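Accompanying notes for the structure given below.
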Amino acid sequence: MPLTITAHEILDDAIRLTWSDGRESLFHHVWLRDNCPDSRHRETWERIDDVLSFDPETRPTEAALSSNGDISITWNDGHRSCFARDWLRRHCYSEPARLEHRPMPTTWAGGPGATPPRLTHDAIMETDAGLLSFLEILRDQGCCVVSGMPDERKAGEALAQRIAYLRETNFGVDFTVVSKPNPNNNAYTALELPAHTDLANREMPPGVQFLHCLVSDAPGGESILVDGFHAALLLREENPDAFDLLTSTPFDYRFHDTEWDVRWRAPVIGLDADGALREIRYNNALRAPLNVAPDLVKPTYQALRAFVAILRDPSNELHFRLGAGEMLVFHNRRVLHGRAAFDPNGGARELHGCYVDIDEMMSRIRVLGGDNLLA
Ligand code: OGA
Ligand code: ZN
């Protein structure tokens with residue numbers, strides 16, 4: 001049953017609507033006038049009129065339900081606006097509606113399960129439903145292993161391109177993770193990589209990371225994942241002062257080699273305008289010398305140690321071995337990844353990687369769900 005408007009009332013500043021499920025929405029006059037459908041281009045659906053184009057004190061002289069259940073408003077300057085009821089409901093900004101619209105990732109300690117969620121290469125490549133479930137897993141749980149990958153260097157990129165174009169960085173459109181001579185980063189050695197987010201040294205670190213395992217013969221090199229959001233929530237519970245410091249104190253990160261010097265300064269725990277967790281940015285290998293006011297130096301080290309202790313607590317880590325023909329995919333702005341050291345003399349190990357950004361992942365989810373066709 002579609003929801004209907006069962007009552008409406010013009011108040012001083014706003015119109016109050018009551019819905020058939022009992023919810024009340026308050027739409028301010030200024031908000032309604034700003035969102036009058038006539039203020040947009042009929043084809044592009046982009047705005048044409050701006051906030052100076054109407055009197056902010058404008059008010060309705062009349063509001064009426066039309067026969068199809070939509071609401072039409074006559075304004076005191078004679079202008080008329082008609083609002084579709086499902087549009088109004090989708091854009092309701094009451095407290096419960098705003099809570100419903102907030103992203104709700106499922107945080108985990110030690111893994112969303114005993115092993116990461118798994119899907120097959122063919123399910124993702126061959127059906128949109130498979131692609132959508134893959135992306136919803138990445139959005140909500142932050143990681144997935146894709147099995148049955150073709151034994152080809154380009155197979156990971158081809159799957160990533162089901163979402164959208166790839167995110168190029170100073171490491172290229174794609175990159176090969178092997179232990180090699182003259183490495184320009186720790187990933188290209190056989191060293192352990194403690195849990196980190198990639199490219200924390202950039203204004204916008206890549207969003208989704210793909211690591212396709214082509215060869216996994218070297219002893220060691222097991223993969224590690226940690227849910228950074230879970231770790232941040234634990235820190236907020238156990239040590240609120242440390243949490244506040246890590247959300248407000250910028251850390252400097254830097255990558256430099258003979259061709260590049262890329263730096264950014266930002267807090268380890270990024271919050272959005274509503275105070276909800278937005279991103280984790282932590283990469284010890286790229287961490288530059290701390291550069292904060294002198295009285296913050298010791299508390300900042302204490303706060304970082306408290307957070308890193310949570311990240312490295314084995315009960316928060318998910319360990320597994322990525323085999324040849326499998327691809328690890330994760331949300332690089334939330335889930336930290338790492339690997340154990342490996343022995344390059346005992347066998348080969350080769351991963352092939354690339355990135356896609358979060359905007360493209362979220363857009364693909366909306367387009368597959370048809371949300372892009374709604375006003
Ligand atoms: C990387 C990385 C993990 C691995 O290349 O960014 O973290 O298992 N690699 O080698
Ligand atoms: Zn990495």
Side-chain angles (χ1 to χ4, degrees), residues 102-105 107-110 142 169-171 184-187 191-207 209 224-257 260-317 330-339 355 357-359:
R102 289 178 79 145
M104 282 292 167
T107 54
W108 43 265
T169 73
N170 55 289
F171 294 104
N184 66 350
N185 92 58
N186 290 354
L191 290 173
E192 175 198 7
L193 298 178
H196 62 279
T197 58
D198 264 22
L199 305 195
N201 60 305
R202 289 191 161 268
E203 179 185 10
M204 187 174 84
Q209 182 160 349
I224 304 164
L225 293 175
V226 181
D227 184 355
F229 281 8
H230 170 74
L233 294 176
L234 218 54
L235 183 70
R236 189 172 70 184
E237 214 173 281
E238 290 173 356
N239 193 336
D241 292 344
F243 178 85
D244 287 345
L245 262 178
L246 294 190
T247 59
S248 56
T249 310
F251 280 74
D252 289 62
Y253 291 104
R254 178 184 188 198
F255 170 85
H256 60 123
D257 64 5
W260 297 97
D261 189 343
V262 185
R263 309 178 191 191
W264 194 250
R265 177 175 162 79
V268 167
I269 302 172
L271 301 182
D272 67 17
D274 299 315
L277 291 172
R278 184 170 55 81
E279 72 166 355
I280 303 297
R281 184 189 285 260
Y282 180 66
N283 188 319
N284 190 54
L286 302 177
R287 189 162 57 81
L290 186 63
N291 173 16
V292 295
D295 59 324
L296 283 180
V297 170
K298 286 181 74 175
T300 302
Y301 273 107
Q302 278 163 5
L304 187 64
R305 284 177 61 94
F307 186 56
V308 173
I310 294 174
L311 293 178
R312 307 209 64 179
D313 178 341
S315 68
N316 292 325
E317 291 178 334
F330 51 89
H331 190 313
N332 181 55
R333 311 285 290 266
R334 162 183 167 190
V335 171
L336 296 90
H337 65 287
R339 69 157 187 240
Y355 307 107
D357 279 325
I358 298 298
D359 281 342

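All values derive from a computational prediction rather than experimental measurement.
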**OP:** Anything under 30° is parallel, anything over 60° is perpendicular, the rest tilted; go ahead and classify Phe171 against Phe255.
**Re:** perpendicular
Original post:
Minimum heavy-atom separation for Gln209 to Asn332, with atom names?
Top reply: OE1-OD1, 3.6 Å
**OP:** Starting at CG of Leu199, measure out to CG of Asn170 and round the result to the nearest 0.5 Å.
**Re:** 6.5 Å
**OP:** Measure across Arg102 and Ala276 and return the closest heavy-atom pair with its distance rounded to 0.1 Å.
**Re:** NH2-CB, 3.0 Å
**OP:** Over all heavy atoms of both residues, which pair between Pro206 and Asp357 is shortest? Give the atoms and the distance, please.
**Re:** CA-OD1, 3.4 Å
**OP:** Write down the atom of Ala232, the atom of Phe243, and the distance for their closest heavy-atom approach.
**Re:** O-CD1, 3.4 Å
**OP:** Apply the test side-chain contact (heavy atoms from CB on, under 4.5 Å) to residues Glu279 and Ile269: give CA-CA distance (whole Å), side-chain angles for both, the deciding distance (0.1 Å), then the verdict.
**Re:** CA-CA 6 Å; Glu279 72 166 355; Ile269 302 172; over 6 Å; no
Subject >> Option passing side-chain contact (heavy atoms from CB on, under 4.5 Å) with Thr249 (candidates Thr300, Asp244, Leu304) >> reply: Thr300
Original post:
What's the verdict on side-chain contact (heavy atoms from CB on, under 4.5 Å) for His196 and Arg287, showing C-alpha distance, side-chain angles and the deciding distance?
Top reply: CA-CA 11 Å; His196 62 279; Arg287 189 162 57 81; over 6 Å; no
**OP:** Kindly indicate whether the side chain of Asn283, heavy atoms from C-beta on, has any atom under 4.5 Å from the side chain of Asn201.
**Re:** no
Original post:
Is it the case that more than 12 heavy atoms not belonging to Arg305 sit under 6.0 Å from its CZ atom?
Top reply: no
Original post:
Considering only heavy atoms from C-beta outward, does the side chain of Asn291 approach that of Phe251 to under 4.5 Å?
Top reply: no
Original post:
Does any non-hydrogen side-chain atom of Ile310 lie less than 4.5 Å from one of Glu238?
Top reply: yes
Original post:
Taking the side chain as C-beta and beyond, is there a heavy-atom pair between Asn239 and Asp241 under 4.5 Å?
Top reply: yes
**OP:** Under the side-chain hydrogen bond (donor to acceptor under 3.5 Å, both in side chains) rule, collect the residues that match up with Asn186, sequence neighbours excluded.
**Re:** none
**OP:** For side-chain contact (heavy atoms from CB on, under 4.5 Å), just list the numbers for Val268 and Thr247, CA-CA rounded to whole Å, side-chain angles, deciding distance to a tenth of an Å, and then say yes or no.
**Re:** CA-CA 6 Å; Val268 167; Thr247 59; over 6 Å; no
Original post:
Out of curiosity, Phe229 CZ to Ile280 CD1, how far, rounded to the nearest 0.5 Å?
Top reply: 6.0 Å
Original post:
Would you say Val226 and Val335 make side-chain contact, with heavy atoms under 4.5 Å?
Top reply: no
**OP:** For Arg263 and Tyr253, run side-chain contact (heavy atoms from CB on, under 4.5 Å): C-alpha distance rounded to whole Å, both residues' side-chain angles, the deciding distance at 0.1 Å, then the answer.
**Re:** CA-CA 6 Å; Arg263 309 178 191 191; Tyr253 291 104; over 6 Å; no
**OP:** Kindly compute the distance separating OG1 (Thr197) from CZ (Phe330), expressed to the nearest 0.5 Å.
**Re:** 9.5 Å
Subject >> Salt-bridge criterion met for Arg281 and Glu203 (N-O under 4.0 Å) >> reply: no
Original post:
So do Ile224 and Arg339 actually touch side chain to side chain, heavy atoms under 4.5 Å?
Top reply: no
Original post:
Would you say the side chain of Val262 lies within less than 4.5 Å of the side chain of Arg202, judging by non-hydrogen atoms?
Top reply: yes
Subject >> Exercise: identify the closest heavy-atom pair between Ala187 and Leu193 >> reply: CA-CD1, 3.8 Å
Subject >> Heavy-atom pair of closest approach, residues Gly142 and Arg334 >> reply: N-NH1, 3.9 Å
**OP:** List the steps, then state whether salt bridge (charged side-chain N to carboxylate O under 4.0 Å, His left out) holds for Glu192 with Arg312.
**Re:** CA-CA 13 Å; Glu192 175 198 7; Arg312 307 209 64 179; 3.1 Å; yes
Original post:
Side chains of Leu271 and Arg278: closer than 4.5 Å at any heavy-atom pair?
Top reply: no
Original post:
In Å and rounded to the nearest 0.5 Å, what is the CG to CG distance from Asp198 to Leu286?
Top reply: 8.0 Å
Original post:
Would you call Arg254 and Asp252 a salt bridge, using N to O less than 4.0 angstrom?
Top reply: no
